[in-house]
Amino acid sequence: MTGSPIWHPFTQHGLGEPIPEVARAEGSLLHLALGETVIDGISSWWVTTHGHAHPRIAEAIARQAGELDQIIFAGWTHEPAERLAGGLRRIMPANLTRVFFSDSGSTSVEVALKMALGYWLNRGEDRHRIVVMDGGYHGDTIGAMSVGARGAFNRAYEPLLFDVVSIPFPRSHARQATLDALDTACREGAAAFIVEPLILGAGGMLVYDAQTLAEMRRICAAHGTLFIADEVMTGWGRTGTLLACEQAGIEPDILCLSKGLTGGAIPLAVTMASEPVYEAHFSPDRGRMFFHSSSYTANPIACAAANANLAIWREEPVMDRIAALAERQARHLARVAGHPLARNPRALGTIAAFDVGDAEGYLSDLAPRMLAMFRERGVLLRPLGNTIYVMPPYCTTGEQLGSIYDAIEDVLETLA
Ligand SMILES: *Cc1c(COP(=O)(O)O)cnc(C)c1O
């Protein structure tokens, strides 16, 4: 063995690609150990909202770490968690009365699926089928993979993944097929439908309209199928509103949040549930409790970071920053879209994407080649297959955004 003992996620070490070391980060900038500065064009994989090392979040973490670092959460509570749950109740959809903590987007999805199944079991109804959307992504644990797209990522685990009912992605001229498929699955007694509202992230930044989202919610409600909104990526302003669901005027039965919950500083997730979902587990009978916990559930330091995030949302002009970023980004995208290699430009809030040339799979070498080209140009962008997308922190300046798009144009020229 040579070099570092670290086995990196989603990394083929056999290719010998360089793994740069980051020493410090601030706002939208990453300062590498070797002295170079890189602009973070993907919010460090979609988590960093206000910018790296936001002083209020950093301060909250430091203060909480010296006061109460960790405490069992089964049967115990603490002020940072109570404050956070109350704060979420005030800003999240009014029907979501209950807050369950966990530590990552994947676990928030596992929790959502388990809540949905517990709901039906405790009501004495045999409903256990989950409906999903083609191309969806909900995380990398076994349950989350089961409800996500199947492919090279999970071929080895396929025999363990549970069966789901898939409905097609609502392409702009085929929305009715999606709605009909959902209606059929719900009529047949599906337990729950899990979906990424308005945009499939890892599936290639594919956008669909709010009206279809609203219609899907209506269909689920008509048949009692629980509607699970996975807003792990779309939450916290990414799509231009606090939640993507807002744009469709809908309230889910269960909501998953993680990435931007602490502003991206430290892992934390919540699964919020409606009163009927909670009620189904509420009983003097221990056998009906919700059987889920992890060691670090509602870690006080993570909750303190999330409380600082909520304070930033209340007290800083976050929505104005998002609107300004979205507006600038739309202009850059319009320019880049004129390039002969650029296809299907699309934008939603702070996210902009387009495809390069004709479709290629995730495992083609175009994505890593482009990633390396962006690295050489001092920009962190990580294309999904042949899809280039930009999803920067909200503090990204006009100049920094300009540099990201200059790099994109330069890379397109090199590939042309
Ligand atoms: C990233 C993501 C997840 C998984 O979150 P992790 O924190 O990486 O486990 C789940 N759902 C969506 C929509 C995501 O984008």
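For ligands, and for the atoms within them, numbers begin at 1 and follow the listed sequence. For reference, positions follow the sequence shown, starting with 1.
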Any sub-3.5 Å donor-acceptor pair from D355's side-chain atoms to A342's backbone N or O? no
What residue among R328, Q329, R335, H332 forms side-chain hydrogen bond (donor to acceptor under 3.5 Å, both in side chains) with Y405? Q329
Assess whether a salt bridge exists between R331 and E327, defined as any Lys/Arg side-chain N lying under 4.0 Å from an Asp/Glu carboxylate O. yes
So if I only count non-hydrogen atoms and take anything under 4.0 Å from ligand 1, which residues does that give, chain by chain? W46, S104, G105, S106, Y137, H138, G139, E196, D230, V232, M233, K259
Parallel, tilted or perpendicular: which one describes the rings of H54 and H50, with boundaries at 30° and 60°? perpendicular
Distance under 6.0 Å and angle within 45° of the ring axis: does R321 meet both against Y394? no
By ring-ring contact (aromatic ring centres under 6.0 Å, His included) - contacts of F101 (at least two apart): F73
